[in-house]
Amino acid sequence: QQQVKQSPQSLIVQKGGISIINCAYENTAFDYFPWYQQFPGKGPALLIAIRPDVSEKKEGRFTISFNKSAKQFSLHIMDSQPGDSATYFCAANKNSGGSNYKLTFGKGTLLTVNP
Amino acid sequence: GAVVSQHPSRVICKSGTSVKIECRSLDFQATTMFWYRQFPKQSLMLMATSNEGSKATYEQGVEKDKFLINHASLTLSTLTVTSAHPEDSSFYICSARGSSLDTQYFGPGTRLTVL
């Protein structure tokens, strides 16, 4: 059972455009939602994260929108640049109750930003 | 902050040999470390979780006798692939979490090729 569903699988955006990646989760016990960026041959790097008591978080060109009632969250990349071309993973974990803090990952979105 | 290193970055070995991969948290104490395996164009697959000084907890289907994990200190975990075979060739990534951190921080990964 996939607990975090991510879409689209791949995305092509023109330079300067907005990239939007969506995720939906099932487990209401999740209380922390990070996004990771991974370049080929590298480990994932934490990009931005949000808690469910906040509906939006912005860091530079990256924004997470969170809809608790719909159990959905999304990553928006404003003014997308060719250097943003990477695979993006949404994830969710439970930071309490002895969960051992395992991350549940989406399947990833390959973003290509054309110059 | 929250930097995780891995060594080696690449290793090529002959079938039947054992390979050790090190994962270190450089600027925090990692109370929990995780080992993942990633196949091309796929998401991360959790292999095992380890807490410092305790035996690792392996995910279903992961052979604990083949993938030996040691988390002897708060800054070091090792993964040993014993009697490696070509099907063990993959990208292995570790991550670490400290008690004051909300989520996992990943190492740069190790590309294992078994000939």
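Residue numbers begin at 1 in each chain, while the letters A, B, ... track the order of the sequences.
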Could you check whether A:Tyr36 and B:Ser95, counting side-chain N and O atoms only, form a donor-acceptor pair closer than 3.5 Å? no

Tell me if the NZ atom of A:Lys57 is crowded by more than 12 foreign heavy atoms within 6.0 Å. yes

Rounded to the nearest 0.5 Å, the OG1 atom of A:Thr104 sits from the CG atom of B:Leu44 at a distance of 12.0 Å

So which part of A:Pro44 gets closer than 4.5 Å to some heavy atom of chain B, the side chain, the backbone, both or neither? both

Treat each ILVMFWY residue as a node, draw an edge where side-chain heavy atoms are under 4.5 Å apart, and state whether B:Ile69 and B:Val11 are in one component. yes

Note: A:Lys102 and B:Thr49 closest approach over all heavy atoms is CE-OG1, 4.1 Å

Quick one: are B:Lys41 and A:Lys107 in side-chain contact, heavy atoms under 4.5 Å? no

Is it possible for you to say whether B:Leu46 and B:Phe67 belong to one hydrophobic cluster, with membership spreading through side-chain heavy-atom contacts below 4.5 Å? no

If you count every heavy atom of other residues, nucleotides or ligands that lies below 6.0 Å from B:His7 atom NE2, does the total exceed 12? no

Do B:Gln42 and A:Thr87 touch side chain to side chain, with heavy atoms closer than 4.5 Å? no

Where does A:Leu103 contact chain B at under 4.5 Å (heavy atoms): side chain, backbone, both or neither? both

For B:Lys66, does the NZ atom sit with more than 12 other heavy atoms under 6.0 Å from it, leaving out its own atoms? yes

Does atom CD (B:Glu87) have a neighbourhood of more than 12 heavy atoms from anything else shown, all under 6.0 Å? yes

Are the side chain of B:Ser43 and the backbone of A:Gly108 linked by a donor-acceptor contact shorter than 3.5 Å? no

If you define the side chain from C-beta out and look only at heavy atoms, does anything of A:Phe105 sit under 4.5 Å from B:Tyr36? yes

Please determine whether residues B:Leu112 and B:Ile93 belong to a single hydrophobic cluster, defined as Ile, Leu, Val, Met, Phe, Trp and Tyr linked transitively by side-chain heavy-atom distances below 4.5 Å. no

Would you say the side chain of B:Thr103 lies within less than 4.5 Å of the side chain of A:Phe33, judging by non-hydrogen atoms? no

Looking only at heavy atoms and a cut-off of under 4.5 Å, which of A:Pro34, A:Ala91, A:Gly43, A:Pro40 has the most pairs with chain B? A:Gly43

Do the side chains of B:Phe34 and B:Met47 join up, straight or via other hydrophobic residues, at under 4.5 Å, putting them in one cluster? no

Check the hydrophobic clustering (I, L, V, M, F, W, Y; side-chain heavy atoms under 4.5 Å; chains of links allowed) and say if A:Val113 and A:Leu11 are grouped together. yes

With only heavy atoms counted, which part of B:Gln6 is less than 4.5 Å from chain A, the side chain, the backbone, both or neither? neither

From CD (A:Gln38) to CD (B:Gln38), nearest 0.5 Å: 4.0 Å

